[in-house]
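Just so we're clear, the structure is a prediction, and the values are computed from it rather than from any experiment. Just the heavy atoms: all of them, side chains too, but no hydrogens, waters or symmetry mates, feed the values below. So that the names make sense, note that chain A is the first sequence line, chain B the second, and so on, each numbered from 1.
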Number of protein chains: 2
Amino acid sequence: MSKTSGSMQSGRRMNADAEHARVIPEATASRLLGYLRVLNEYSFGRIVCSRDLALAAGVDAAKLRRDLSFLGNYGVRGVGYDVATLTAEISIALGAHTAHRVALVGVGNLGQALAGYSGFAGHGFQLVALFDADPEQVGRTTAGLQVNDIADAATVLAERQATIGIIATPAGAAQSVAELLVAAGVRSILNFAPCLLEVPGDVHLRQVDLGLELQLLAFHANSRPTDLAHVIAEIRSSS
Amino acid sequence: MSKTSGSMQSGRRMNADAEHARVIPEATASRLLGYLRVLNEYSFGRIVCSRDLALAAGVDAAKLRRDLSFLGNYGVRGVGYDVATLTAEISIALGAHTAHRVALVGVGNLGQALAGYSGFAGHGFQLVALFDADPEQVGRTTAGLQVNDIADAATVLAERQATIGIIATPAGAAQSVAELLVAAGVRSILNFAPCLLEVPGDVHLRQVDLGLELQLLAFHANSRPTDLAHVIAEIRSSS
DNA sequence: CTCTGTGAACTCTTTCACAGCC
DNA sequence: GGCTGTGAAAGAGTTCACAGAG
């Protein structure tokens with residue numbers, strides 16, 4: 001997002017050490033997670049070929065092989081990939097082995113859906129704190145955690161040491177919540193509030209906008225028939 | 001490349017290169033929705049320049065101008081864009097004027113969060129049916145609608161004529177729900193279940209995976225320090 | 001002068017196709 | 001034969017920088 005500063009003097013030196021190409025492109029990273037999910041359904045010790053794995057993951061084989069090639073050469077030509085090895089390598093590459101302590105702000109419907117998300121603990125995430133501004137919610141227990149007052153965020157977070165924050169509050173509250181989280185040392189934020197957040201450059205921010213997704217879907221639903229109607233109208237008017 | 005705005009009369013051939021500005025790239029479409037949201041906070045009749053609008057929308061000015069250029073030439077050089085005109089043009093381009101009838105399946109926490117989503121009605125979406133498989137939920141009322149049994153989907157959907165479906169069920173139920181929706185005439189599906197759906201080619205599918213977003217965030221949280229260390233090491237070794 | 005619209009360069013991503021290994 | 005890994009080409013998206021309108 002932000003301009004990655006100086007490429008003025010580009011590094012002509014590639015391969016200083018050449019352990020392996022460590023840079024995993026953004027697009028690849030998101031698919032690797034998908035492969036990992038699919039791999040979990042194969043038994044360890046099995047061998048799987050790119051075509052089958054790709055089919056199961058909903059991508060095409062060439063793309064999958066290209067993606068995996070960023071990790072190194074873990075396939076065997078003429079054979080395929082060992083499920084156990086591949087699982088391990090992807091996990092390592094994505095850092096899925098390290099645990100993350102997560103604080104969730106806003107325990108409305110969306111927040112509770114997130115708190116109850118089953119894939120949470122399963123993938124190295126530990127929910128360590130819940131917050132809300134609503135006195136009605138504060139003190140209640142969800143997902144085995146008591147909801148704290150957002151006003152106490154500084155103290156609670158200092159104690160619980162979260163590194164990831166999830167914002168599931170109304171848009172109006174999101175910015176101040178983000179600031180609280182950042183002040184408490186959170187360096188990665190997943191924001192579900194439909195608004196733009198300002199955060200320091202060293203904080204990684206990810207935005208998920210449910211309304212926007214719906215509108216994009218509608219756009220595609222529209223544009224296809226509309227294009228057609230448009231073409232038809234043109235043909236008609238020209239005759 | 002593109003000129004437009006003249007109601008240029010094209011020939012009867014569809015390959016005539018008359019109407020250019022019609023193809024909006026995917027990446028641009030998603031940002032246009034963002035601009036629309038920001039524009040709502042300006043008063044109609046005002047003029048806004050690309051720099052300001054871009055700042056408010058969180059993109060850079062050149063990108064914004066490029067995006068808007070896909071719509072046609074609605075800006076005035078040396079001046080800026082008229083808020084009212086721009087709002088209208090973006091809405092038209094995105095088809096935000098047409099209403100969409102939405103069916104939502106799964107009224108658990110996530111489903112209720114979606115049902116209660118405020119930006120729903122505000123942007124041409126009308127929730128027309130709610131479904132769940134849980135007898136506990138069936139019959140309850142959320143967001144002004146009674147929850148129907150998913151078993152009755154065919155009948156209810158035939159009557160309510162939804163064009164967009166939202167799946168907010170557990171992963172295991174998603175595929176069969178998708179098939180029900182498709183059979184009932186739904187041609188656009190927004191899927192929140194963390195699984196791959198198989199749908200016919202003419203059905204537009206959009207996937208939102210909350211767990212995946214979280215894991216991607218964690219990936220960046222992990223990889224950034226490493227990247228940095230790597231860059232530093234390179235700089236050091238080269239000087 | 002300010003600000004838009006866009007060619008051109010650039011970077012990121014996908015796709016093809018085939019060499020090389022089993 | 002089957003399959004991986006990857007150069008090379010194609011495509012999508014971004015950024016630069018400037019001509020030209022007001």
Nearest-Å distance for atom pair CG/P, residues B:Asp82 and D:dG22: 16 Å

Nearest-angstrom distance from the residue atom CG of A:Leu64 to C1' of D:dT6: 14 Å

Sidechain-backbone polar pair: B:Glu179 side chain, B:Ala174 backbone, donor-acceptor under 3.5 Å: no

Interatomic distance, A:Glu26 CD vs D:dA12 C1' [rounded to whole Å]: 16 Å

Result of checking A:Asp209, A:Val208, A:Leu214 against A:Leu212 for side-chain contact (heavy atoms from CB on, under 4.5 Å): A:Asp209

Atom-pair distance (CZ on B:Arg65; P on D:dC16), nearest Å: 11 Å

B:Thr28 or A:Gly80, whichever maps to the more 5' nucleotide of DNA chain D: A:Gly80

A:Ser50 vs D:dC3: side-chain N/O to OP1/OP2 distance below 4.0 Å: no

Closest to the A:Arg66 side chain, choosing from D:dT4, D:dG13, C:dT14: C:dT14

Whole angstrom value for the distance that separates P of D:dC3 from CG of A:Leu68: 15 Å

Most 5' of A:Val79 and A:Ala62 on DNA chain D, judged by nearest nucleotide: A:Val79

Candidates C:dC18, D:dT14, C:dT13 - which lies nearest the side chain of B:Arg31: D:dT14

Rounded distance in Å - CD1 (B:Ile47) to C1' (C:dT4): 13 Å

Distance (rounded to the nearest 0.5 Å) between B:Leu196 CG and B:Gln175 CD: 8.5 Å

B:Tyr81 side chain near C:dT2 phosphate (N/O to OP1/OP2, under 4.0 Å): no

Interatomic distance, B:Arg51 CZ vs C:dT2 P [rounded to whole Å]: 9 Å

Side chain of B:Cys49 (C-beta onward), nearest among C:dT4, C:dT15, D:dT4: C:dT4

Beyond-backbone contact of B:Leu68 with B:Tyr35, side-chain heavy atoms, under 4.5 angstrom: yes

Test: A:Asp52 and A:Arg46 ion pair at under 4.0 Å: no

Out of D:dT4, D:dG13, D:dT6, whichever nucleotide has its closest atom nearest the side chain of B:Pro25: D:dG13

Distance, rounded to the nearest Å, where B:Arg77 contributes CZ and C:dT4 contributes P: 10 Å

B:Lys63 side chain near D:dT15 phosphate (N/O to OP1/OP2, under 4.0 Å): yes

